[in-house]
Structures are given as C-alpha cells and as structure tokens.
Amino acid sequence: MTVVLKTVSQGYGKTHVIDRFSSTLHPGVTALLGPNGAGKTTLLRTVATIMPPRFGTIHIDGVEVEDERSARRVRDQVGYLPQDFGFDPRMTVADFVTYAAWMRGVPARRWRRDVAEVLEMVDLADRSRDRMGKLSGGMRQRAGIAWAIVGRPRLVLLDEPTVGLDPRQRLQFRKIIGALDDTVVLLSTHLIDDVAAICDRVIVLHGGVAKFDGSVPDLEAMGRVDLPGHSALERAYMHLLPEEEQQL
Ligand SMILES: Nc1ncnc2c1ncn2[C@@H]1O[C@H](COP(=O)(O)OP(=O)(O)OP(=O)(O)O)[C@@H](O)[C@H]1O
C-alpha cells in the first residue's frame with residue numbers, strides 16, 4: 001500500500017485550508033503535527049476519500065481517487081477514525097465494531113473472529129456486550145480504535161486517537177499501532193511524546209502547508225536550544241512555527 005498525494009488543495013466554500021500538499025506515504029506510522037486549525041483533520045478527511053481534492057491528485061494503492069465511484073474502489077482498504085466519532089449509544093461494543101467490519105466489506109463468516117481479535121487488541125474483550133453509551137471516554141476511544149482497524153485495512157487514519165486515554169492506555173495504544181504490519185498509518189496528534197515513541201515519520205502542517213516531512217531524528221536535529229520546549233522534538237516543532245509564534 002502506498003498513498004501518493006500530488007499538489008493537493010482542499011477547502012470549504014471560500015476557505016482554503018490545504019495548499020498544494022504533496023507527499024508519498026509508505027507502510028509505517030506517520031504523525032501529523034500542527035497547531036489548531038492547521039488543516040490536519042481536513043487532510044485526514046481528504047485521504048480518507050470523504051472529500052475529493054479540489055485540486056491535485058491522490059492515488060491510493062494505485063487508484064486515483066477523484067470521485068465517489070473511484071473512492072468506493074479503495075474504501076474497503078481505509079480505516080478512518082474521526083476526532084468526534086458518532087455512534088448509537090444503545091449499540092453494544094461488539095455491534096459497533098461489527099458494523100465497521102460490514103462497512104469495510106469483511107465477509108460475514110469472519111465478523112465474529114475479526115471483531116473478537118481487535119477487541120482483544122484494544123483490551124475490551126470483556127466489554128463486548130456493554131452498551132457504547134455506558135463506556136468511559138477512554139474505553140470509547142479504544143472502541144473507536146477497534147472500529148478503525150477491524151478487517152485490517154491497509155490504510156489507517158486516526159484523528160487525535162490518544163485524546164482521553166490514561167497513561168497506561170496510551171502505552172497500549174502504541175503497542176497496537178506498532179503491531180499493524182504492512183499498514184500505512186497516518187495519525188494527527190498534539191502529543192509529542194507519542195510522536196517520539198511510535199512514529200517513523202512526521203509531517204508538520206501550518207496554515208495548510210507542510211513545513212516539514214521527514215524522519216523523527218531529522219526533525220529532532222532542527223531543535224534550537226534557545227526555543228521553548230522540554231525535548232529536542234518540542235523545540236524543533238517550535239522552530240517550524242512562524243517567528244511570532246515561537247515564543248510563549
Ligand atoms: N466544515 C467546515 N466548514 C468550514 N470551515 C471549516 C470546516 N471544517 C474546518 N474548517 C476550517 O478549516 C481550517 C482547518 O481545520 P481543521 O479541522 O482541518 O484543522 P486541524 O489542524 O485539524 O485543527 P485541530 O488541531 O483544532 O483539530 C480551520 O480554519 C477551520 O475553521
């Protein structure tokens with residue numbers, strides 16, 4: 001699986017959000033970092049085939065996604081977890097994840113096994129019969145992660161997946177993501193610790209433009225000691241912001 005974005009622009013009405021973004025994503029974990037409003041969610045929605053690009057092209061596994069018809073050809077391969085994902089609170093956890101398996105075209109004979117497998121991975125096996133509405137925020141988030149990975153789509157897109165997770169759950173999340181072989185994972189986050197721990201690559205977005213696209217060590221190397229931050233990675237992130245945003 002590869003995802004190739006070429007000069008992709010995206011927006012809403014008259015608002016331009018993503019400006020000529022190009023990148024090629026390979027299997028591994030890529031973090032999308034950037035301030036509020038940078039365009040991370042918009043870029044994830046675009047790669048998730050929810051919004052066809054206004055300009056430029058996206059190829060997912062060799063298929064150009066330009067309209068609903070072409071999007072349908074690749075959607076089974078895409079697991080997308082929006083930031084505030086909706087669900088029917090009366091649904092059980094197992095039903096919620098089974099629904100994702102059905103949407104992703106997983107054959108019915110595999111539902112039970114595949115759902116059990118991902119619930120085990122996110123440590124919700126003993127909650128499978130609980131109603132979604134009764135889960136804690138962290139459990140709900142883990143059910144969302146199970147939703148995104150059931151059927152093992154080879155492109156997984158996660159919008160701030162570690163929000164609401166306690167420290168142990170965040171470590172579990174890293175383990176789950178680390179176990180997804182042969183999968184292109186693109187996740188947005190504000191947590192630099194997560195980036196350092198699980199990501200092979202980082203894209204820093206600012207104002208819809210990629211300010212950095214490269215490895216974690218290469219980003220770390222940009223950290224300037226005179227900038228605010230508790231780690232080289234935090235200082236490097238600050239370094240990429242416009243000068244007027246670099247100081248606190
Ligand atoms: N449905 C929409 N209609 C109009 N403008 C929108 C819509 N969704 C987002 N925007 C605008 O697009 C810009 C980018 O938003 P986006 O949600 O992609 O940023 P983000 O980097 O994910 O931010 P955050 O870190 O706060 O989640 C913002 O200026 C936002 O106001």
Side-chain angles (χ1 to χ4, degrees), residues 3 5-23 25 29-58 60 65 67-68 71 78-87 137-138 140-142 144-145 147-148 155-165 170 173 177 184-199 201-214 216 219 228-231 233-246 248:
V3 180
L5 297 108
K6 280 197 189 137
T7 58
V8 168
S9 295
Q10 188 61 281
Y12 307 90
K14 287 188 180 153
T15 312
H16 300 287
V17 178
I18 303 293
D19 186 24
R20 285 164 288 174
F21 179 88
S22 297
S23 192
L25 305 172
V29 186
T30 301
L32 210 44
L33 274 178
N36 293 134
K40 301 179 297 296
T41 297
T42 305
L43 185 63
L44 286 171
R45 288 168 56 88
T46 307
V47 179
T49 77
I50 291 167
M51 301 170 76
R54 282 191 167 174
F55 301 103
T57 57
I58 299 187
I60 296 179
V65 181
D67 51 20
E68 187 55 28
V78 183
Y80 169 51
L81 182 67
Q83 206 169 330
D84 297 308
F85 57 96
F87 52 83
R140 210 172 283 169
Q141 195 61 19
R142 281 186 281 147
I145 294 162
W147 157 282
L155 173 59
V156 172
L157 305 162
L158 307 168
D159 204 345
E160 298 195 32
T162 51
V163 166
L165 299 187
R170 267 173 67 201
F173 170 78
I177 297 303
V184 175
V185 182
L186 180 62
L187 58 89
S188 73
T189 181
H190 290 293
L191 301 170
I192 302 250
D193 286 356
D194 284 344
V195 175
I198 50 174
C199 299
R201 190 171 154 196
V202 192
I203 296 171
V204 179
L205 266 191
H206 189 281
V209 174
K211 298 285 184 189
F212 178 88
D213 184 349
V216 175
L219 178 58
H230 291 95
S231 64
L233 215 46
E234 281 184 351
R235 289 190 289 273
Y237 172 78
M238 294 301 282
H239 175 66
L240 291 168
L241 298 182
E243 215 163 310
E244 63 276 15
E245 292 174 32
Q246 285 180 354
L248 305 177

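FYI, side chains are in, hydrogens and waters are out, and symmetry mates aren't considered; it's all heavy atoms of this structure. Remember, it's 1-based here, ligands and their atoms both numbered in the order they're listed.
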Checking Gln246 side chain against His239 main chain: does a donor-acceptor pair fall under 3.5 Å?
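Checking the backbone N and O of His239 against the side chain of Gln246, a donor-acceptor pair under 3.5 Å is found.
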Hey, does the side chain of Gln141 reach the backbone of Thr162 with a donor-acceptor pair shorter than 3.5 angstrom?
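No; judged by distance alone, with no hydrogens or angles, the pair does not exist.
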Give a yes/no verdict on whether any heavy atom in [X] is under 4.0 Å from an atom of ligand 1.
{"X": "Glu160", "value": "yes"}
{"X": "Gly39", "value": "yes"}
{"X": "Val17", "value": "yes"}

Considering [options] one by one, which has a heavy atom nearer to [atom] than any of the others?
{"atom": "atom 21 (O) of ligand 1", "options": "Met51, Lys40, Gln10, His16", "result": "Lys40"}
{"atom": "atom 28 (C) of ligand 1", "options": "Gly37, Gly207, Gly208", "result": "Gly37"}
{"atom": "atom 15 (O) of ligand 1", "options": "Thr42, Leu32, Thr46, Leu205", "result": "Thr42"}

Hey, is CD on Glu243 packed in by over 12 heavy atoms from elsewhere, all under 6.0 Å?
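No, CD of Glu243 has 12 or fewer neighbouring heavy atoms, counting only those of other groups under 6.0 Å.
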CZ (Arg20) with more than 12 external heavy atoms under 6.0 Å:
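No.
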Are side-chain heavy atoms of Ile58 and Thr49 found at a separation under 4.5 Å?
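Answer no - side chains too far apart.
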Looking only at distances, please establish whether an N/O atom of ligand 1 is found under 3.5 Å from an N/O atom of Ala38.
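Min N/O separation from ligand 1 is below 3.5 Å for Ala38.
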Least distance between heavy atoms, Arg54 atom then Tyr12 atom
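Closest approach of Arg54 to Tyr12, heavy atoms only: NH2-C, 3.5 Å.
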Any donor-acceptor N or O pair under 3.5 Å, side chains Gln10, Thr46:
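Result is yes, a qualifying pair exists.
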Taking only heavy atoms of His190 into account, list the atoms of ligand 1 that are under 4.0 Å away from them.
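Here the atoms of ligand 1 in question are 25 (O).
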Quiz question for you: does at least one protein heavy atom lie closer than 4.0 Å to atom 8 (N) of ligand 1?
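Yes, at least one protein heavy atom sits under 4.0 Å from atom 8 (N) of ligand 1.
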Using a heavy-atom cut-off of under 4.0 Å, does the side chain or the backbone of Pro35 touch ligand 1, or both, or neither?
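Backbone only.
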